[in-house]
Protein chains: 2
Amino acid sequence: MKRKITLKHIARELDVSISTVSKALKNSEEIGQDTKEKIQAFAKLYNYRPNNIAISLKNKRTKNIGVIIPDIVHHFFTTVFRGIEQYANNKGYNVIVCVSDESFDKEVINMEMLANGSIDGFIMALAGETQLKNDFNHLKEVTEQGIPLVLFDRVTEDVQCDKVIINDEEAAYQAVKKLIASGRRKIALVTTEGYLNVSAKRAEGYFRALKEHHLPIDKDMILELPYQKDNEKKSEEFFRNRSIDAVLCVNEIFAVKCMGIVQRSGKRVPDDIAFIGFTDGILSRLSTPTLSSVDQHGELMGETAARMLIEKIERDHDQEEEEIFQTRIISATLVERESTLGSLK
Amino acid sequence: MKRKITLKHIARELDVSISTVSKALKNSEEIGQDTKEKIQAFAKLYNYRPNNIAISLKNKRTKNIGVIIPDIVHHFFTTVFRGIEQYANNKGYNVIVCVSDESFDKEVINMEMLANGSIDGFIMALAGETQLKNDFNHLKEVTEQGIPLVLFDRVTEDVQCDKVIINDEEAAYQAVKKLIASGRRKIALVTTEGYLNVSAKRAEGYFRALKEHHLPIDKDMILELPYQKDNEKKSEEFFRNRSIDAVLCVNEIFAVKCMGIVQRSGKRVPDDIAFIGFTDGILSRLSTPTLSSVDQHGELMGETAARMLIEKIERDHDQEEEEIFQTRIISATLVERESTLGSLK
DNA sequence: ACCGTATACGAAAACGGTTTCGTGTTGATA
DNA sequence: TATCAACACGAAACCGTTTTCGTATACGGT
């Protein structure tokens, strides 16, 4: 077992000082040509690599960024993560991921673990519980310590920091307009219980579109489903007893489930009833019929968040210009597929 | 901006030595009761937390584990990751993820980045390119340095380390047996080009089941698809020109795509043709009809890998008992759903 | 012979902890 | 009163780097 070699080993072996070795390996002008060559050759031979931890301690910069997301087995968060990871890696940063599992306590614990020197900055989407509790002290503590923070998707106005979001309201508005334009009038909304997270904004867009076209806003046309649990019966009941010709769903899972229910009851998609979902993932592309859905551009969001964070990190070290926090808005786009094909007869 | 407080600050403020502060915060018997209380109170007031990096440098242990996977936007890897993350977090470890993107070079670079002190051990699944190249020197270097390594799912016999795999051959065998038992005789296999990765083993199980039941093994009944690219036409042609009453697919994406093609051509699933896929993910649960598939228990795999790794890490520090490497096999299980319901008439 | 100045290198501090090994003070004991 | 242990704390080394500053040597110029 070849243990890792250090500057000290090289110094001892070649009978020079540690500082000489360090400088030689950086090709410093201070060191004689022959000494440099000798040291560099030796270092290459023994495959010397500087110890990251020691460098971190010295520089007070770890080249790590911390990502805290509510769930990793979730298409949207996963794509965002990929965007973050790619950009960060290109810039020489590593990514430490923690999953809050929608729990406030886990979010707090994870942040505290990482905030003590392990990372140079945070990228995160708030846990559901955190949004309900409306308690953001853990975030504030971190920013007060001068650790850069970028929130994405699930953000809050209570914390001053950079943010990346999509134009949920507008996207939902456009989607519903599209449904209306194809002749649909009885448009339902399937959303999460309590309009958690971004669902509220999507609902607003839905309302705006209806209003603009003088269509009635009917609470009875809104189905609220629990976030992760099954609720087949509730959905079946909803679609059985109503006359509906189009549905906007706040995610693709709800959309695909509902399409299944509707189809099993003998109706045809999109002929009798059209569907649009949010999150353009693998489900949308492979369902039958394929599902029209709003692409949230997760990868771009991740990349944007990472860029903003790394800029802050690398500028932070400079002087105290007035802190400026930005909110970037990524435009969601509707991807049309079979579930909205054609107009209502 | 409240900067992080250090032992030195506390020592200076309370006019004691750094060592006294360090011991007092560890509640050492060496320090007088009143001094301890004073120091602890001060530390709590200013919310002192030891710097992780400094501790890592001293202890030569980072409490970080490195995870390298080929793809993060992939249900199976994601579930494995969740298993790793949960177990590791419980044990006080953080997880650094790098995505190799199926590329040999990225895998090498990522490993080298992390191996220089950033992590205490690796968990990884090999990149496709690495498997093709059959070059595992980066893995060997890491293990020679005494860094523990656990491979999962995509493993190799060329590296001596702990491994976690599923019984792919047996699972495929059982799946095909099930198809045969329900009266199916013309069973096709849909696999990845070149039988990459674990596909080869699944094909073996398929062959064994056919052989055992004296069914012909016909290369013409095997469809090889490129890994990530679309190949609708090839698949359509395959199903159009053959008489097939059951299909085993090496992943759920292929299965759902093929089900779609078959259904659009007017055949019924499972009445005319049954389907079984691998990877029991969201697609299997939400496709129409729902797809029977082999659950690889990703979360359990991840947890197992993390447990094995952390055991090695924490034992490693002890003495040099003879290294023992284990290969744990997780039993995959077939989850039956609508796509295999009932027997062939 | 003296001074100045490159040249080439080493000593030491610093990053923020932990830990070993003193050591000054106190009180009890002989 | 001298001795000694117990107590309470500090000095210093160490982890592996980087970086500033100091200095020995040699050499050229006068």
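Each chain gets a letter, A, B and so on, in the order its sequence line appears, and its residues count up from 1. Nothing here was measured: the structure is a model prediction, and the numbers come from that model.
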Test your reading of the model: is there a side-chain donor-acceptor pair from [X] to the backbone of [Y], 3.5 Å cut-off?
X	Y	value
A:T78	A:H74	yes
A:Q40	A:A24	yes
A:Q326	A:D162	no

For the side chain of [X], counting heavy atoms from C-beta on, which of [options] is nearest?
X	options	result
A:V16	C:dG17, C:dG10, D:dG10	C:dG10
A:T20	D:dC9, D:dG16, C:dC9	C:dC9
B:S17	D:dG10, C:dC9, C:dG16	D:dG10

Quiz item: With a non-hydrogen cut-off below 4.0 angstrom, is B:T6 in contact with a base, only sugar-phosphate, or nothing?
Solution: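 Result for B:T6 = sugar-phosphate.
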
Quiz item: Are any non-hydrogen side-chain atoms of A:I96 and B:V95 less than 4.5 angstrom apart?
Solution: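 No, their side chains stay 4.5 Å or more apart.
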
In whole Å, I'd like the distance from the [atom1] atom of [X] to the [atom2] atom of [N].
X	N	atom1	atom2	value
B:K4	C:dG17	NZ	C1'	14 Å
B:K60	C:dT18	NZ	P	17 Å
B:D15	D:dG10	CG	P	8 Å
B:L57	D:dA13	CG	C1'	13 Å
A:I18	C:dC15	CD1	P	18 Å
A:Y48	D:dT18	OH	P	6 Å
A:I53	D:dC15	CD1	C1'	11 Å
B:N59	D:dC15	CG	P	13 Å

Within less than 4.0 Å of OP1 or OP2 of [N], is there a side-chain N or O belonging to [X]?
X	N	value
B:K8	C:dC15	yes
B:K23	D:dA8	no
B:S22	C:dT18	yes

Self-check item: Contact list for residues 96-134 of chain B, test ring-ring contact (aromatic ring centres under 6.0 Å, His included), sequence neighbours left out
Solution: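 As it turns out, the ring-ring contact (aromatic ring centres under 6.0 Å, His included) pairs with a partner in residues 96-134 of chain B, which skip direct neighbours, are B:F104-B:H138.
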
Quiz item: Can you find a donor-acceptor pair, distance only, under 3.5 Å between A:K58 side chain and D:dT18 base?
Solution: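 Yes, a donor-acceptor pair under 3.5 Å.
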
Self-check item: Close approaches to DNA chain C from residues 26-40 of chain B, in residue order (heavy atom, under 4.0 Å)
Solution: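 Those residues are B:K26, B:E30.
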
Quiz item: For B:F42, which residues count as a ring pair (Phe, Tyr, Trp, His ring centres under 6.0 Å) partner, sequence neighbours excluded?
Solution: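 So B:F42 forms a ring pair (Phe, Tyr, Trp, His ring centres under 6.0 Å) with B:Y46.
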
Quiz item: Counting heavy atoms not belonging to B:E144, are there more than 12 under 6.0 Å from its CD?
Solution: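 Counting neighbours around CD of B:E144, more than 12 heavy atoms of other residues, nucleotides or ligands fall under 6.0 Å, so yes.
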
Practice problem: Select from A:N51 and B:S19 the residue whose nearest nucleotide in DNA chain D is closer to the 5' end of that strand. | Solution: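 The answer here is B:S19.
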
